[in-house]
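Below is one structure, written out as structure tokens; comments come after it.
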Amino acid sequence: EAQVTQNPRYLITVTGKKLTVTCSQNMNHEYMSWYRQDPGLGLRQIYYSMNVEVTDKGDVPEGYKVSRKEKRNFPLILESPSPNQTSLYFCASSLARPSGNYGYTFGSGTRLTVV
Amino acid sequence: GQNIDQPTEMTATEGAIVQINCTYQTSGFNGLFWYQQHAGEAPTFLSYNVLDGLEEKGRFSSFLSRSKGYSYLLLKELQMKDSASYLCAVREYTGGGNKLTFGTGTQLKVEL
């Protein structure tokens with residue numbers, strides 16, 4: 001089954017304790033992206049990657065890191081989480097063609113709480 | 001950059017028709033998407049428009065006018081399960097690739 005798998009689904013952590021949220025896709029998609037979703041603010045892009053070893057900042061990259069060593073994986077790293085990073089996070093992937101009817105496939109989401 | 005506007009919430013009756021509007025401003029338009037999102041779940045793809053006109057898909061239709069920077073999602077024969085947030089998303093070609101930006105979503109409540 002074609003899918004984007006995120007782990008964990010839920011995570012409660014303390015301020016300053018490094019954490020990684022994993023994301024893996026099995027569709028051979030070039031493009032992968034991380035979003036955070038907060039009430040009233042919608043989905044905001046954190047980082048994205050056009051292909052292996054190619055990553056770039058989205059609209060809200062502060063406090064986050066990513067890596068793209070393999071095509072299928074795109075982990076999101078919070079080196080020193082803070083309470084304002086409490087949010088619902090989504091990983092998404094898609095083809096990277098210039099145009100066409102291809103939407104994003106989203107993971108199930110990770111609800112992160114930083115206390 | 002982009003600016004995407006859609007109403008925050010709407011209420012409609014089961015069996016009725018509802019139209020959710022979306023306006024946008026972008027310099028490199030390359031497609032408009034509608035997604036449905038139930039609370040706490042991932043967004044799921046509903047429709048895609050890149051040319052002007054209406055795209056129909058069962059109970060859902062989406063319309064686009066590029067000159068007006070305007071789209072709408074039309075839901076017919078509303079069912080209770082259609083209660084969800086509907087996200088308008090605009091794909092913009094930025095030279096370095098495509099970027100998909102989401103509106104804040106329209107929370108639709110379907111009542112009996």
Side-chain angles (χ1 to χ4, degrees), chain A residues 2-7 9-10 23 25 27 29-51 54-61 68 87-113, chain B residues 1-9 20 22 24 26 28-51 53 55-57 60 62 64 66 73 84-107:
Chain A
Q3 60 185 1
V4 176
T5 303
Q6 275 180 247
N7 280 298
R9 286 294 308 275
Y10 301 92
C23 175
Q25 50 93 5
M27 295 164 282
H29 284 165
E30 299 89 358
Y31 183 95
M32 297 185 76
S33 180
W34 276 102
Y35 287 85
R36 62 178 287 175
Q37 188 172 35
D38 304 287
L41 297 177
L43 282 160
R44 293 181 294 165
Q45 190 177 51
I46 303 171
Y47 269 93
Y48 64 95
S49 169
M50 297 296 291
N51 214 324
V54 180
T55 63
D56 211 342
K57 295 177 181 179
D59 299 315
V60 288
R68 189 88 183 274
S87 186
L88 180 57
Y89 291 86
F90 288 103
C91 179
S93 74
S94 78
L95 296 170
R97 296 177 194 155
S99 60
N101 182 6
Y102 58 91
Y104 282 17
T105 301
F106 282 86
S108 300
T110 296
R111 187 166 290 282
L112 172 66
T113 302
Chain B
Q2 297 192 39
N3 188 25
I4 301 172
D5 288 313
Q6 48 181 133
T8 303
E9 47 186 39
I20 303 174
C22 171
Y24 64 89
T26 182
F29 179 82
N30 193 18
L32 187 142
F33 297 81
W34 284 95
Y35 282 82
Q36 180 191 61
Q37 185 179 25
H38 286 97
E41 297 182 9
T44 55
F45 170 78
L46 285 179
S47 70
Y48 167 77
N49 296 72
V50 68
L51 299 177
E55 293 284 340
E56 297 188 80
K57 209 180 199 182
F60 296 80
S62 57
L64 175 68
R66 289 171 296 170
L73 179 69
S85 182
Y86 291 86
L87 311 177
C88 173
V90 177
R91 186 169 64 196
E92 178 184 30
Y93 181 71
T94 62
N98 283 307
K99 177 180 171 141
L100 190 65
T101 301
F102 288 83
T104 54
T106 298
Q107 187 66 45

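Within every chain, numbering begins at 1; the chains are lettered A, B, ... in the order of the sequence lines, protein sequences first and strands thereafter. None of these values were measured; they are calculated from a predicted model.
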Worksheet entry | Under 4.5 Å from a heavy atom of chain A, the part of B:Gln37 involved | side chain

Worksheet item: For A:Ser33 and A:Gln45, does a side-chain donor sit closer than 3.5 Å to a side-chain acceptor?
Response: yes

Worksheet item: Hey, are A:Tyr104 and A:Tyr31 close enough side-chain-wise for a donor-acceptor pair under 3.5 Å?
Response: yes

Discussion item. Please tell me whether B:Arg66 and B:Tyr24 have a donor and an acceptor in their side chains that are separated by less than 3.5 angstrom.
Written reply: no

Worksheet item: Of the listed residues (B:Pro43, B:Gly105, B:Ser47), which shares the most heavy-atom pairs with chain A below a 4.5 Å separation?
Response: B:Pro43

Worksheet item: Tell me, side chain or backbone of A:Leu43 under 4.5 Å from chain B's heavy atoms, or both, or neither?
Response: both

Item to complete: Would you check if there is a donor-acceptor pair between the side chains of A:Gln6 and A:Thr110 at a distance under 3.5 Å?
Response: yes

Item to complete: Against chain A, work out which of B:Phe45, B:Phe33, B:Tyr35 has the most heavy-atom pairs shorter than 4.5 Å and name it.
Response: B:Tyr35

